[in-house]
Amino acid sequence: MNTVAMPNPESTSHNPAWPQERRGTRADRRGGKPDRRAVERAELPVLSLDRLKDLEPAFDILPYAEAAPRHCIALYDTNGRLLLVADRSTASSLMPWADAYLRCPFTLCFARADDITAILGQHGETMRAMDALPSYAPTQQAGMVEGVEVLRLDTIQMEESPIVRLTNSTLYDAYKARVSDIHLESTADGLRVKYRLDGVLTTIAEPKGVQTAEQVISRIKVMAELDIAERRIPQDGRFKVSVNGRDVDFRVSIMPSIHGEDAVLRILDKQALTDQVTTLTLDSLGLEGEIKQVVRRLAREPYGMLLVTGPTGSGKTTTLYGVLSEVNTGNDKIITIEDPVEYQLPDVLQIPVNEKKGLSFARGLRSILRHDPDKIMVGEIRDPETAQIAVQSALTGHLVFTTVHANNALDAINRFLHMGVEPQSFVNAINGILAQRLVRTICPHCSEPAQPSEELLNDSGISLLSARQYNFRKGKGCSHCRGTGYKGRKAIAELLHLNDDLRELIIAAAPLRRLREEAERAGMRQLRDAALDMVKRGESTLEEINRVTFVA
């Protein structure tokens with residue numbers, strides 16, 4: 001067996017990565033195995049960190065879980081040859097194991113110990129645990145720290161139980177990819193794993209076997225301390241794991257289905273959210289300059305209500321936190337009631353809703369008013385009672401920030417009126433209504449010019465003549481965006497700032513068309529216009545804005 005294949009002068013004389021040194025030992029030249037001292041004396045190539053970063057890892061030959069404990073890494077050079085990179089001091093003891101494990105020709109190279117640590121860390125941050133599930137031998141189990149399971153790439157790949165491996169790798173990969181939700185769907189022949197990344201569900205894996213699906217769901221139930229024997233009713237719970245030294249919470253929802261049970265896991269990295277809040281402002285949300293300035297002014301009014309509306313996952317709560325972060329100067333008493341408390345704000349009294357204990361939005365809001373607040377944030381207006389109290393709070397000298405589910409700013413008015421709020425009270429309480437969406441932006445690493453089809457232009461309401469004003473681009477897909485062509489999201493919004501004419505129309509129950517005309521005359525730009533502006537600037541695609549906004 002050819003254990004160490006040394007670079008030959010012909011192939012290396014044109015490659016600056018290989019220094020012109022002695023090309024091997026006597027044992028190499030006669031085809032035998034080099035002994036320990038020969039390896040230590042060999043003047044083998046020494047690769048720099050920059051060179052290591054340029055080479056492709058060969059985790060298909062030498063898995064990360066095997067390489068990391070032995071402080072080595074297998075790489076492919078530009079000609080497709082296999083390189084085994086190790087520290088000079090450990091290479092001699094590594095050779096017998098490498099000869100037995102790799103069972104294929106490879107070139108031994110040296111690198112500094114710190115550089116090997118750095119390149120292992122880099123690939124450990126980016127590779128998926130699920131990619132290497134079948135390619136290792138079990139040697140140890142995932143660790144536990146004070147009852148909290150520790151997820152690391154090496155321990156996941158060495159876990160003995162295939163169900164635990166699959167479950168932990170799913171959690172680990174989701175956290176590393178910064179997804180918001182994990183969907184585990186039982187199918188007729190197995191399990192379907194989906195991630196919600198930037199608001200869009202993507203299928204990640206489809207393990208086969210009905211028993212596999214049942215056991216993975218049972219594993220999630222055990223972690224969340226739910227009843228594994230109960231499969232006929234929904235169950236809710238939560239559990240915590242440790243990833244890279246930080247605790248990550250998972251909120252679990254189990255739902256019975258025709259094929260068994262489905263599970264949805266919401267990832268709550270509280271430390272990341274808290275870190276984000278320290279830099280969270282209206283500037284960081286990407287709102288347009290004019291809208292941003294008006295929202296700032298409305299957030300500093302002495303009293304009234306600033307209402308943010310949109311569907312689930314449109315960033316309403318994040319926008320309100322950005323507003324609170326800017327107005328939180330320490331001079332006012334700020335109290336929030338939320339379900340749940342997702343961000344932790346300094347110097348703010350935050351109250352979590354607890355329906356099981358009788359603490360609803362309405363009951364909590366009544367108690368807040370007795371706590372001498374200046375500014376109040378109500379996580380969501382869900383029922384007529386909460387709507388009535390919130391409006392009365394805005395009319396009695398408090399500044400209220402809140403959200404409601406509606407398609408646009410004008411629909412939010414109808415939501416309040418349908419909940420029994422008197423039009424006169426509503427228009428006197430409301431300072432402004434902000435409707436928003438989150439639009440995926442094109443990955444900057446793989447962005448390229450694009451020309452949409454005539455059919456897509458027609459479906460988007462764009463004529464061939466007006467298409468000349470657009471900078472059409474798309475992402476072709478790369479490792480930075482996980483092949484989606486999109487990376488990150490940006491908020492688009494329409495802002496309805498109520499003036500006297502609009503207030504009179506609302507009180508008079510004017511038709512929606514008349515309200516929209518007056519709102520646009522007063523300067524409101526619709527969500528669709530803001531979305532089209534992103535396409536004109538080459539920030540997003542027609543397919544994406546058609547997904548999140550209505551075509552006018």
Side-chain angles (χ1 to χ4, degrees), residues 251 268 270 273-274 277-278 280 282 295-309 316-406 412-413 415-434 498 503 506:
R251 197 169 65 211
L268 300 172
K270 290 185 177 180
L273 293 175
T274 302
V277 165
T278 60
L280 183 61
L282 291 176
V295 171
R296 280 198 172 109
R297 179 163 55 82
L298 295 176
R300 288 179 170 83
E301 297 287 357
Y303 56 85
M305 179 184 291
L306 175 59
L307 180 63
V308 182
T309 185
K316 302 185 297 295
T317 304
T318 303
T319 296
L320 286 186
Y321 273 111
V323 171
L324 286 179
S325 296
E326 292 195 356
V327 302
N328 184 15
T329 61
N331 298 325
D332 296 317
K333 181 71 172 182
I334 302 177
I335 306 178
T336 75
I337 180 165
E338 310 165 56
D339 184 22
V341 175
E342 296 186 6
Y343 300 84
Q344 296 181 13
L345 295 170
D347 302 322
V348 175
L349 174 57
Q350 296 176 270
I351 305 169
V353 167
N354 191 335
E355 297 282 358
K356 294 181 180 180
K357 300 295 184 180
L359 180 56
S360 62
F361 275 111
R363 184 174 180 179
L365 188 51
R366 283 197 209 94
S367 300
I368 287 174
L369 293 176
R370 296 192 293 268
H371 212 70
D372 190 29
D374 296 295
K375 296 178 174 63
I376 304 170
M377 189 189 99
V378 183
E380 183 182 345
I381 301 291
R382 297 177 178 173
D383 54 83
E385 186 179 7
T386 306
Q388 294 280 2
I389 301 172
V391 169
Q392 290 302 316
S393 302
L395 292 172
T396 54
H398 305 91
L399 184 59
V400 179
F401 306 102
T402 188
T403 73
V404 70
H405 288 289
I413 297 174
R415 282 296 307 275
F416 271 80
L417 299 183
H418 288 163
M419 283 190 285
V421 177
E422 294 182 359
Q424 184 73 48
S425 298
F426 178 75
V427 297
N428 289 333
I430 286 289
N431 294 335
I433 304 175
L434 182 74
L498 268 66
R503 288 186 169 94
I506 294 172

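What you see is a predicted model; the values in this text were computed from it and never measured.
For the atom pair Arg251 CZ and Leu268 CG, the distance stands at 5.5 Å (nearest 0.5 Å). For the atom pair CD1 (Ile368) and OG1 (Thr336), the distance works out to 7.0 Å, reported to the nearest 0.5 Å. With values rounded to the nearest 0.5 angstrom, Thr403 atom OG1 is found 10.0 Å from Glu338 atom CD. The distance from atom CG of Leu498 to atom CG of Asn431, rounded to the nearest 0.5 Å, is 9.0 Å. Taking CD1 of Ile413 as the start and CD1 of Ile506 as the end, the distance is 3.5 Å to the nearest 0.5 Å. With values rounded to the nearest 0.5 angstrom, Leu365 atom CG is found 10.5 Å from Arg370 atom CZ.
When the side-chain hydrogen bond (donor to acceptor under 3.5 Å, both in side chains) test is applied to Asn354, no partner is found at least two apart in sequence or on another chain. Taking Asp332 as the reference, Lys375 meet the side-chain hydrogen bond (donor to acceptor under 3.5 Å, both in side chains) condition, with sequence neighbours excluded. Under the rule for a salt bridge (charged side-chain N to carboxylate O under 4.0 Å, His left out), the partners of Glu380 that lie at least two apart in sequence or sit in another chain are Arg382. With sequence neighbours excluded, the residues satisfying side-chain contact (heavy atoms from CB on, under 4.5 Å) with Arg300 are Arg296, Glu326, Val327.
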Please tabulate, for side-chain N and O atoms in residues 389-399, each donor-acceptor pair with protein atoms closer than 3.5 Å (sequence neighbours left out).
{"from": "Ser393", "atom 1": "OG", "to": "Ile389", "atom 2": "O", "distance (Å)": "2.7"}
{"from": "Thr396", "atom 1": "OG1", "to": "Gln392", "atom 2": "O", "distance (Å)": "2.9"}
{"from": "Thr396", "atom 1": "OG1", "to": "Ser393", "atom 2": "O", "distance (Å)": "3.2"}
{"from": "Thr396", "atom 1": "OG1", "to": "His398", "atom 2": "ND1", "distance (Å)": "3.4"}
{"from": "His398", "atom 1": "ND1", "to": "Ser393", "atom 2": "O", "distance (Å)": "3.1"}

Output side-chain donor-acceptor pairs under 3.5 Å for residues 417-426, partner residues at least two apart or in another chain, one line each.
{"from": "His418", "atom 1": "ND1", "to": "Asn414", "atom 2": "O", "distance (Å)": "3.3"}

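Using modelled atom types, no side-chain atom of Ser360 and backbone atom of Glu355 make a donor-acceptor pair closer than 3.5 Å. Checked by atom type and distance alone, the side chain of Gln350 pairs as donor or acceptor with a backbone atom of Leu345 at under 3.5 Å. Between the side chain of Arg415 and the backbone N or O of Val404 there is no donor-acceptor pair closer than 3.5 Å. Judged by distance alone, the side chain of Thr309 and the main-chain N or O of His405 form no donor-acceptor pair under 3.5 Å.
By the 4.5 Å heavy-atom criterion applied to side chains, Val323 and Val295 are counted as neighbours. Counting only heavy atoms from C-beta outward, the side chains of Ile430 and Leu307 approach each other to under 4.5 Å. Using a 4.5 Å cut-off on side-chain heavy atoms (C-beta onward), His371 and Ile335 make contact. For the pair Phe401/Ile376, no side-chain contact is recorded, criterion being any heavy-atom separation below 4.5 Å from C-beta on. A 4.5 Å side-chain heavy-atom check between Ile334 and Asp374 finds every atom pair outside the cut-off. Counting only heavy atoms from C-beta outward, the side chains of Tyr303 and Val400 never approach each other to under 4.5 Å.
Closest non-hydrogen pair, Thr386 versus Ala362, comes out as OG1-N, 3.5 Å. Contact record, Leu282 with Thr319: CD2-O, 4.4 Å, taken as the closest heavy-atom pair.
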Note to self: I'd like to know whether Ile337 forms a side chain to side chain contact (heavy atoms under 4.5 Å, CB included) with Val353, so could you lay out the CA-CA distance, the side-chain angles of the two residues, the decisive distance to 0.1 Å, and finally the verdict.
What the structure shows: CA-CA 7 Å; Ile337 180 165; Val353 167; 3.7 Å; yes
